[in-house]
Engineer: 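Here's a structure for you.
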Amino acid sequence: MPSLLGLALPLLGSLVVLVAPGKVPERAGIVGGQQAPRNKWPWQVSLRMQHIYWVHFCGGSLIHPQWVLTAAHCLGPGIQEPTGLRVQLREQNLYYEDQLRPVNRIIVHPSYYTAQDGADIALLELQEPANLSSHVQVINLPPRSETFPPGTPCWVTGWGDINDDISLPPPFPLKQVKVPIVENSQCDAMYHMDISTGDNVQIVKDSMMCAGTVKKDSCQGDSGGPLTCRMNGTWLQAGVVSWGEGCAHPNRPGIYTRVTSFLDWIHQYVPKEL
Ligand code: ARG
């Protein structure tokens with residue numbers, strides 16, 4: 001599994017650096033934001049691969065007791081064996097209370113090639129359905145018609161880097177940040193600033209969505225995790241952390257896979273009822 005290992009080695013390297021004394025960054029965040037309260041984001045999961053230990057490499061979300069939604073670039077595009085993969089359900093501090101769960105099947109979207117091309121979405125079937133509790137819950141998928149316009153209150157969560165190339169320091173608490181939705185055409189215009197790509201080339205595809213600012217963003221290691229929005233009192237998963245140019249850079253909001261574009265594909269596998 002070359003792509004998994006390629007991700008693991010730099011991750012492990014930065015963990016080792018962070019444990020060294022005197023160098024622990026103080027900045028809280030995913031980028032910006034703060035530590036998540038224990039009772040929030042009960043659908044957040046951590047994907048682990050076997051290395052020296054079961055190291056975190058991506059986020060994900062529980063959308064059914066037996067199914068996790070994540071990003072295709074965490075797993076593909078090549079075929080991956082589920083044997084080297086585990087899922088950790090909601091945990092406050094990464095690695096502190098691990099109960100790793102094996103996976104039956106990895107299903108990468110058939111149209112996925114790179115995150116920038118789109119269809120950066122994948123499903124994992126757990127071997128056993130999870131017991132739902134006060135701190136482990138599923139996140140609802142949005143109705144097809146939901147566009148999540150600018151102004152929608154949305155949050156992104158994860159154990160990823162707290163800035164470009166700066167890992168989350170121990171004890172690796174789950175982080176949350178409220179990110180403003182950036183409308184697709186505006187986001188596409190922003191991504192065309194300071195580059196030579198022609199305006200006629202669409203960078204932000206319709207099956208993507210954007211959120212974030214120069215102070216608030218997701219970053220490496222948050223990929224596959226959920227962008228969730230509170231709509232009329234219920235939480236819905238709007239996006240999957242996919243890509244961005246750096247983290248929290250000017251005119252470069254975070255780019256997410258737009259969940260409403262993939263509902264039919266998801267429901268080919270995931271039952272609608274619990
Ligand atoms: N591709 C990254 C990962 O694998 C996520 C990047 C998100 N970037 C951003 N600026 N929001 O973890």
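Numbering of ligands and ligand atoms starts at 1, following listing order. Only a predicted model underlies this, so the values are computations on that prediction, with no experimental measurement involved.
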Engineer: Run the numbers for me: atoms of ligand 1, each under 4.0 Å from some heavy atom of D217, listed by number.
Structural biologist: 9 (C), 10 (N), 11 (N)
Engineer: Above 12 or not: heavy atoms from other molecules or residues under 6.0 Å from OH of Y113?
Structural biologist: no
Engineer: Which distance, rounded to the nearest 0.5 Å, do you find between the CZ of R86 and the CG of L124?
Structural biologist: 12.5 Å
Engineer: Can a donor-acceptor pair be found, under 3.5 Å and without considering hydrogens, that links the side chain of Q66 to the backbone of L126?
Structural biologist: yes
Engineer: Under 4.0 Å from a heavy atom of C219: which atoms of ligand 1 are those, numbered in the order shown and with their elements?
Structural biologist: 5 (C), 12 (O)
Engineer: Of the side chain and backbone of S242, name the one, both, or neither that has a heavy atom under 4.0 Å from an atom of ligand 1.
Structural biologist: backbone
Engineer: Are Y112 and W265 close enough that their ring centres sit under 6.0 Å apart?
Structural biologist: no
Engineer: Can you tell me which residue pairs pass the ring-ring contact (aromatic ring centres under 6.0 Å, His included) test with a partner in residues 126-153, sequence neighbours excluded?
Structural biologist: none
Engineer: Measuring only between side-chain heavy atoms, which start at C-beta, is D161 closer than 4.5 Å to L168?
Structural biologist: no
Engineer: Any atoms of ligand 1 less than 4.0 Å from a non-hydrogen atom of C247? List them with their elements.
Structural biologist: 10 (N)
Engineer: Atoms of ligand 1 less than 4.0 Å from S223 heavy atoms?
Structural biologist: 1 (N), 2 (C), 3 (C), 4 (O), 5 (C), 12 (O)
Engineer: Indicate yes or no: does an N/O atom of G221 lie under 3.5 Å from an N/O atom of ligand 1?
Structural biologist: yes
Engineer: I need the atoms of ligand 1 closer than 4.0 Å to a non-hydrogen atom of D222, numbered in the order shown.
Structural biologist: 12 (O)
Engineer: Heavy-atom distances under 4.0 Å are what count here, so tell me which part of E245 touches ligand 1: side chain, backbone, both or neither.
Structural biologist: neither
Engineer: With a heavy-atom distance limit of 4.0 Å, tell me whether A115 approaches ligand 1 through its side chain, its backbone, both, or neither.
Structural biologist: neither
Engineer: For the 3.5 Å polar cut-off, considering only N or O atoms, please tell me whether G246 and ligand 1 meet it.
Structural biologist: yes
Engineer: Under the 4.5 Å side-chain heavy-atom rule for ILVMFWY, direct or indirect, which residues accompany W54?
Structural biologist: L100
